[in-house]
Amino acid sequence: MRICGWVIRRKTIGKIVILEISGDTSSKPHVIALKKEREPELFELARDLPVGTALCFEGELAPVQKSRRGVEYIAKEIKIYSRPLEPLPVDTIGKVPALLDTRIRYRYLLLRNPAEKAIFKIRESILRAAREYFIKNGFMEIQTPKIVAAGAEGGATLFPVKYFEYNAYLSQSPQLYKQMLMSSVPRVYEITPYFRAEKFDTPRHLNESWGIDAEIGFIESEEDVMNVLENLIAYIVDYIRKNNVEELEILGVELKPLTVPFKRITFKEAVDILSSEGVEIPEGEDLTEAAEKKLGEIMASKGYDIFFITRFPWEATGFYYMRNEDGTTRKFDLDYKGLELSSGGQREHRYEKLVEALRDKGLNPEGFKFYLEAFKYGMPPHGGFGLGVERLLVKLLGLSNVREAILFVRDRNRLIP
RNA sequence: GCCGCCGUAGUAUAGCCCGGCCUAGUAUGCGGGCCUGUCGAGCCCGUGACCCGGGUUCAAAUCCCGGCGGCGGCGCCA
């Protein structure tokens, strides 16, 4: 058996050298012990292999597993490919902590640390599980353009891009495109980056983040959308519980299964709950970050870690959400432990109503012509959602910053690496 | 954009409030020595740092001003 990786730990105890090689197949390290008496050449070789050395070894599973840290092998041959030119700037076994800033800078190295790698293996599982779920439920995976002419909101901040002689933007949401596709493919999903030019600098925001976006046609109400979303998340959690036992153990995370359906409260009920706790939300305004956190605490104390807030007021939503007669909309948010994980709802699919909505929001229907056109030819009622991958990962693993949940961070002040 | 906290060896920190006892402490890393299985092994020796610029002062890591950078709160925000 040939195993390759990097030395993450070397320990010499008298006439034994113990090497730990960062695992490629498993999250736990591969361990080889070399004894002076048993394999004198390898012992000499291993004795001055610095941490960080890239190597492969030929070996077999050790009959006696003495290491408590990883799987132990008996090495027959070691081939060195590359030695570090200087000592590693960060500790790849996690003995000495690194600040977030340092972790981001040296992420590529820190992934040799099983704990750091475990986060991203679970991130991968989220996407894998999502794909599996969508495939099982008859969704088609799509890709929509990331260079676009208009944003979904009109008001939100977009990154301008020079596109030959045109002004273009980086897409902040596949929203409009997936809706257009509802006129022909009633179940689509996309795993996509979102680009947002807001100058925020918080543990919850990134300027380039990833989302799992879905859109569903022929629905009766937003309830059908919420159904897909809650089942998707429960599926993801199950998948991780099943496939990432080792990673969860390394991270010390106990992930409890989620039961569907999730609790639902209306926006009005949320405002009332908050009001009874002394937090006032002005009429027609969205929940503030602090209010959302507080609501999360209150709901958690009632046994609801995860819950939907439904029927948002029209004033606090995008133009494309379907309006109810009472001034509420069919928009919902999904909150998990005080953080908005996802938002979605039923869209307005009736052409005239949509034009009216654009005007009511002070937007010019001319600018959305390409989008509106799609509503002329038999658009079914539909709805969808966007689910933030980093936020989901943060909440599942109890991380404290979304920057821990993405390999290469793009935030207010980071364009490198 | 506003507010708060912070910036010390490769990494992580102590010292700063109350200037001199700092020739800057500790852990880990790194180099070397001892040790036949460590589990964040242990013991000994060595190595290496006050973000940048200006000011106050006999004296600045410590106080003041400016800059740059980080973290957090708020705002803004699918």
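Numbers restart at 1 for each chain; the letters A, B, ... are given by sequence-line order, proteins then strands. Quantities reported herein were computed from a predicted structural model and do not represent experimental measurements.
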Check: When we call it a touch if two heavy atoms are under 4.0 Å apart, what does Asp333(A) touch: a base, just sugar-phosphate, or nothing?
Finding: nothing
Note to self: Other residues, nucleotides and ligands only: do more than 12 of their heavy atoms fall within 6.0 Å of CZ on Phe43(A)?
What the structure shows: yes
Margin query: Please report the distance separating the C1' of G1(B) from the corresponding atom of C18(B), rounded so that it comes out in whole Å.
Written below: 36 Å
Margin query: Could you check whether any side-chain N or O of Asp91(A) sits under 3.5 Å from a backbone N or O of Lys95(A), counting only pairs where one atom can act as donor and the other as acceptor?
Written below: yes
Note to self: Show me the pairs that pass salt bridge (Lys or Arg N to Asp or Glu O under 4.0 Å) and involve residues 55-79 of chain A, at least two apart or across chains.
What the structure shows: Glu20(A)-Arg69(A)
Check: Checking all strands, does Thr12(A) fall into the base, sugar-phosphate, or nothing category for heavy-atom contacts under 4.0 angstrom?
Finding: base
Using atom types as modelled, flag every donor-acceptor pair under 3.5 Å from a side chain in residues 202-209 of chain A to any protein atom, sequence neighbours excluded.
| residue | atom | partner | partner atom | Å |
| --- | --- | --- | --- | --- |
| Thr202(A) | OG1 | Arg204(A) | N | 3.0 |
| Thr202(A) | OG1 | His205(A) | N | 3.3 |
| Arg204(A) | NE | Glu289(A) | OE2 | 3.3 |

Margin query: Is Lys66(A) close enough to U38(B) that one of its side-chain N or O atoms is under 4.0 Å from OP1 or OP2 there?
Written below: no
Check: Considering heavy-atom distances to RNA chain B, does Ile104(A) or Gly70(A) have its closest nucleotide positioned more toward the 5' end?
Finding: Gly70(A)
Notebook entry, point to check: Of the non-hydrogen atoms in Phe385(A) and Lys178(A), which two are nearest, and what is the gap between them?
Noted result: O-NZ, 3.0 Å
Check: So, are Arg359(A) and Glu356(A) salt-bridged, with charged N and O less than 4.0 Å apart?
Finding: no
Can you give me the N/O atom pairs linking the protein to nucleotides 45-53 of chain B at distances under 3.5 Å, or say none if there are none?
none

Margin query: What's Tyr194(A) touching, base or sugar-phosphate or nothing? Going by heavy atoms closer than 4.0 Å.
Written below: base
Check: Which residue pairs pass the disulfide bond (SG atoms under 2.5 Å apart) test with at least one member in residues 95-126 of chain A, sequence neighbours excluded?
Finding: none
Next item on the list: Output the residues of residues 212-229 of chain A in contact with RNA chain B, where contact means a heavy atom of the residue under 4.0 Å from an atom of the strand; sort by number or write none.
Entry: Asp213(A)
Next item on the list: Using the P atom on both, measure G48(B) against C74(B) and round to a whole Å.
Entry: 45 Å
Next item on the list: Give a yes or no on this: more than 12 heavy atoms of other residues, nucleotides or ligands lie within 6.0 Å of atom CZ of Arg128(A).
Entry: no
Notebook entry, point to check: How many Å lie between CG on Leu415(A) and P on G70(B), as a whole number?
Noted result: 12 Å
Next item on the list: For the side chain of Arg69(A), starting at C-beta, report the closest nucleotide among U38(B), C39(B), G29(B).
Entry: C39(B)
Notebook entry, point to check: Contact class for Lys35(A) vs. all strands (heavy atom < 4.0 Å): base, sugar-phosphate, or nothing?
Noted result: base
Next item on the list: Assert yes or no for the condition that the ring centre distance of Phe375(A) to Tyr351(A) is strictly below 6.0 Å.
Entry: no
Next item on the list: Quick one: list whatever passes side-chain contact (heavy atoms from CB on, under 4.5 Å) with Pro89(A), sequence neighbours left out.
Entry: Tyr106(A), Leu109(A)
Any protein N or O atoms within reach of nucleotides 5-11 of chain B? Criterion: under 3.5 Å, listing atom names and distances.
| residue | atom | partner | partner atom | Å |
| --- | --- | --- | --- | --- |
| G10(B) | O2' | Pro89(A) | O | 2.9 |
| U11(B) | O4' | Pro89(A) | O | 3.3 |
| U11(B) | O2' | Pro97(A) | O | 3.0 |

Item checked: Nearest-angstrom distance, P atom, C5(B) to C17(B) -> 15 Å
Margin query: Please give the distance between the P atoms of G15(B) and C6(B) as a whole number of Å.
Written below: 11 Å
Note to self: Using the C1' atom as the point on both nucleotides, what is the distance between C16(B) and A24(B), in whole Å?
What the structure shows: 12 Å
Notebook entry, point to check: Among the nucleotides A78(B), G70(B), C30(B), which one has an atom lying closest to any side-chain atom of Pro174(A)?
Noted result: A78(B)
Item checked: Partner residues of Glu230(A) under the side chain to side chain donor-acceptor pair (under 3.5 Å) criterion, sequence neighbours left out -> Arg264(A)
Notebook entry, point to check: Counting any heavy atom closer than 4.0 Å, what does Glu72(A) reach on the DNA or RNA strands: base, sugar-phosphate only, or nothing?
Noted result: base
Next item on the list: Kindly point out which of A78(B), G40(B), C39(B) is positioned nearest to the side chain of Arg68(A)?
Entry: C39(B)
Item checked: Residues forming a ring-ring contact (aromatic ring centres under 6.0 Å, His included) with Tyr321(A), sequence neighbours excluded -> none
Next item on the list: Could you measure between the two C1' atoms, the one in G10(B) and the one in U47(B), and give it in whole Å?
Entry: 12 Å
Check: C1' atom, G25(B) versus A49(B): distance in rounded Å?
Finding: 12 Å
Note to self: Strictly by disulfide bond (SG atoms under 2.5 Å apart), give each pair with a member in residues 34-106 of chain A just once, sequence neighbours left out.
What the structure shows: Cys4(A)-Cys56(A)
Using atom types as modelled, flag every donor-acceptor pair under 3.5 Å from a side chain in residues 365-372 of chain A to any protein atom, sequence neighbours excluded.
| residue | atom | partner | partner atom | Å |
| --- | --- | --- | --- | --- |
| Tyr371(A) | OH | Gln179(A) | OE1 | 2.8 |
| Tyr371(A) | OH | Gln179(A) | NE2 | 3.3 |

Short heteroatom pairs, N/O only, protein and nucleotides 72-76 of chain B, under 3.5 Å:
| residue | atom | partner | partner atom | Å |
| --- | --- | --- | --- | --- |
| G72(B) | OP1 | Asn401(A) | ND2 | 2.7 |

Next item on the list: Select from Asp48(A) and Gln65(A) the residue whose nearest nucleotide in RNA chain B is closer to the 5' end of that strand.
Entry: Asp48(A)
Item checked: Complementary nucleotide for C18(B) - Watson-Crick or wobble, under 3.5 Å -> none
Next item on the list: Look at Arg414(A) together with Asp101(A) and state whether they make a salt bridge at an N to O cut-off of under 4.0 Å.
Entry: yes
